[in-house]
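Heads up: the structure comes next, in structure tokens.
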Amino acid sequence: MLTFRRFTFIFFIVLLLFNLARIFLCHGNCILREYMGEFYILWTAIYLGVSVALAFFPCSGFHHPVRCSGHTSAKEIALTFDDGPSPQTSSLLDVLESKNATATFFVTGKSLEQHNEVAKQIHSKGHIIGNHTWSHSYWFDFYAPGKMYSEMTRTASLIESVTSRKPLFFRPPYGVINPMLSKALGRTPYTVVCWSIRSFDTTTPDPLVVQKRILGKLKPGAIIVLHDHTVFTQQNLCELIDRIYSKGFSIVPLDKLLQTTAYA
Ligand SMILES: [Zn+2]
């Protein structure tokens, strides 16, 4: 698998080989010498372009190992809800309970601080709580690794105060993983979890489009990402779960799907 570390190694090896060839093979006017500047610019642009682009495709595993689905042939999927808890989360819990479904809530520390009672409800009803940073800032991906790490640990402490156990699931804001976040994650025991089905429930106004998008991509081991507060989730979760069941799938806890533990 192509990883950032390997790609960086290849980047410097190619630069080294280019320079060795230029020094030892070029006599007088030579194409390697003539286009040396263009080569440096092009190769560096490729290196930076690939590294930045793949930060937005976490399931590539380029910057950090990530779980995006379960390794199973059984018709089992997991539901995940991001960015809560919020006042709207309680109604989702009622729907999940009525449908006998267990989900995972990737919460932010700042929301958890505001809606601690809701988080307790999530936990008491048997759902999993994962870490989704403290601030979920637009600028999070520009933070230094130390600041990212402190956001994670601050949120983890708050989750632990609710669950009495340390969370082991982490989801990066916006699903972006760059070298700084990878470095911060290297100091943690987290299993990084993204998704195989992105609902785009925050940006798609038509609930039928969201539902069709989700149902069309259902396959064994799928992980669906939704958000607590969206109109789609609030108004259509019940129907969505019914449709998932009618296709013969069952909804299982994320730790069971990934065959790993959600808490230390
Ligand atoms: Zn989020």
Side-chain angles (χ1 to χ4, degrees), residues 3-5 51-52 54-69 78-86 89 103-123 127-195 198 202 223 225-229 253-255 257-264:
T3 62
F4 179 63
R5 186 171 288 190
S51 300
V52 170
L54 289 179
F56 294 89
F57 294 91
C59 298
S60 65
F62 182 74
H63 286 291
H64 199 84
V66 174
R67 300 294 304 273
C68 292
S69 60
L79 285 179
T80 64
F81 297 91
D82 287 9
D83 301 356
S86 69
T89 307
T104 297
F105 290 80
F106 284 97
V107 303
T108 63
K110 67 176 183 184
S111 298
L112 182 46
E113 193 174 46
Q114 284 174 17
H115 307 291
N116 199 268
E117 288 306 313
V118 181
K120 285 177 182 167
Q121 271 186 312
I122 294 173
H123 179 63
H127 303 290
I128 295 167
I129 299 180
N131 192 330
H132 197 38
T133 74
W134 181 273
S135 67
H136 204 295
S137 166
Y138 289 122
W139 304 106
F140 183 81
D141 294 302
F142 298 96
Y143 288 176
K147 190 171 178 184
M148 290 173 164
Y149 177 75
S150 68
E151 282 222 10
M152 288 187 247
T153 51
R154 192 178 169 198
T155 303
S157 306
L158 217 47
I159 294 173
E160 192 179 351
S161 72
V162 171
T163 62
S164 305
R165 297 166 74 188
K166 293 181 193 300
L168 288 178
F169 285 161
F170 174 81
R171 175 167 284 167
Y174 317 107
V176 175
I177 300 183
N178 61 26
M180 285 90 79
L181 181 54
S182 180
K183 191 172 181 188
L185 286 166
R187 297 170 63 186
T188 73
Y190 288 129
T191 299
V192 182
V193 184
C194 284
W195 50 77
R198 190 170 200 169
T202 53
I223 298 173
V225 58
L226 294 155
H227 295 79
D228 296 35
H229 62 278
L254 188 58
D255 54 356
L257 190 82
L258 297 179
Q259 297 180 326
T260 185
T261 50
Y263 301 102

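One-based numbering along the sequence shown. Bear in mind the structure is a predicted one, so any value in this text is a computation, not a measurement.
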Just do the side-chain contact (heavy atoms from CB on, under 4.5 Å) check on Val162 and Asn116 with the steps written out, would you?
CA-CA 8 Å; Val162 171; Asn116 199 268; 4.0 Å; yes

Given side chains that start at C-beta, do those of Leu254 and Arg67 come closer than 4.5 Å, heavy atoms only? no

Distance col, row Thr260:OG1 vs Leu168:CG, nearest 0.5 angstrom, shows 7.0 Å

To the nearest 0.5 Å, atom OG1 of Thr163 lies from atom CD1 of Ile122 at 11.5 Å

In terms of ring plane angle, is the pair Phe105 and His127 parallel, tilted or perpendicular, where the classes change at 30° and 60°?
-> perpendicular

The salt bridge (charged side-chain N to carboxylate O under 4.0 Å, His left out) partners of Glu113 (sequence neighbours excluded) come to none

Of Thr188, Leu185, Thr133, Asn178, the one forming a side-chain contact (heavy atoms from CB on, under 4.5 Å) with Met148 is Asn178

Can you tell me if the gamma sulfurs of Cys59 and Cys68 sit closer than 2.5 Å? yes

Apply side-chain contact (heavy atoms from CB on, under 4.5 Å) to His132 and Thr155, showing your working. CA-CA 8 Å; His132 197 38; Thr155 303; over 6 Å; no

All heavy atoms of Gly175 vs all of Trp195, minimum pair found to be CA-CH2, 3.6 Å

- Quick one: are Phe56 and Tyr174 in side-chain contact, heavy atoms under 4.5 Å? no

Taken in chain and number order and not counting sequence neighbours, the residues that satisfy side-chain contact (heavy atoms from CB on, under 4.5 Å) with Thr202 are His227, His229, Thr230

For a 4.5 angstrom cut-off between non-hydrogen side-chain atoms, does Pro85 reach Leu112? yes

Correct closest heavy-atom pair for Gly61 and Thr3 would be O-CG2, 4.1 Å

*asked:* Any heavy-atom pair between the side chains of Ile129 and Pro167 that's under 4.5 Å?
replied: no

Looking at side-chain heavy atoms only, is the closest gap between Ser182 and Phe4 below 4.5 Å?
no

The single option from Phe170, Tyr149, Phe169, Phe106 that satisfies ring-ring contact (aromatic ring centres under 6.0 Å, His included) with Tyr190 is Phe170

To the nearest 0.5 Å, atom CE of Met152 lies from atom CD1 of Ile159 at 12.0 Å

In terms of heavy-atom contacts, Ile177 and Pro58 come closest through CD1-CB, 4.0 Å

With a 4.5 Å cut-off on side-chain heavy atoms, are His64 and Leu181 touching? no

Tell me whether His63 contacts the main-chain N or O of Ser51 through its side chain, where contact means a donor paired with an acceptor under 3.5 Å. yes

Heavy-atom closest pair (Lys183 atom, Pro145 atom, distance to 0.1 Å) is CD-CG, 3.9 Å

Flag side-chain contact, heavy atom, 4.5 Å: Val225 against Arg198: yes

Distance col, row Leu226:CG vs Asp82:CG, nearest 0.5 angstrom, shows 8.5 Å

Contacts satisfying salt bridge (Lys or Arg N to Asp or Glu O under 4.0 Å) that involve residues 140-154 (not counting sequence neighbours) are none

| Worked verdict on Val176 versus Phe140 for side-chain contact (heavy atoms from CB on, under 4.5 Å) | CA-CA 10 Å; Val176 175; Phe140 183 81; over 6 Å; no

For Thr104 and Gly130, the nearest pair of non-hydrogen atoms, with its separation, is CG2-N, 4.5 Å

Smallest heavy-atom separation, Ile223 atom then Cys194 atom, equals CG2-O, 3.6 Å

To the nearest 0.5 Å, atom OG1 of Thr89 lies from atom NE2 of His115 at 7.5 Å

CD (Gln114) and OG1 (Thr108) are apart, to the nearest 0.5 Å, by 8.0 Å

Q) With under 30° as parallel and over 60° as perpendicular, where do the rings of His123 and Tyr263 fit, or are they tilted in between? A) perpendicular

- Task: Answer whether the closest heavy-atom distance between the side chains of Val193 and Thr80 falls below 4.5 Å.
- Result: no

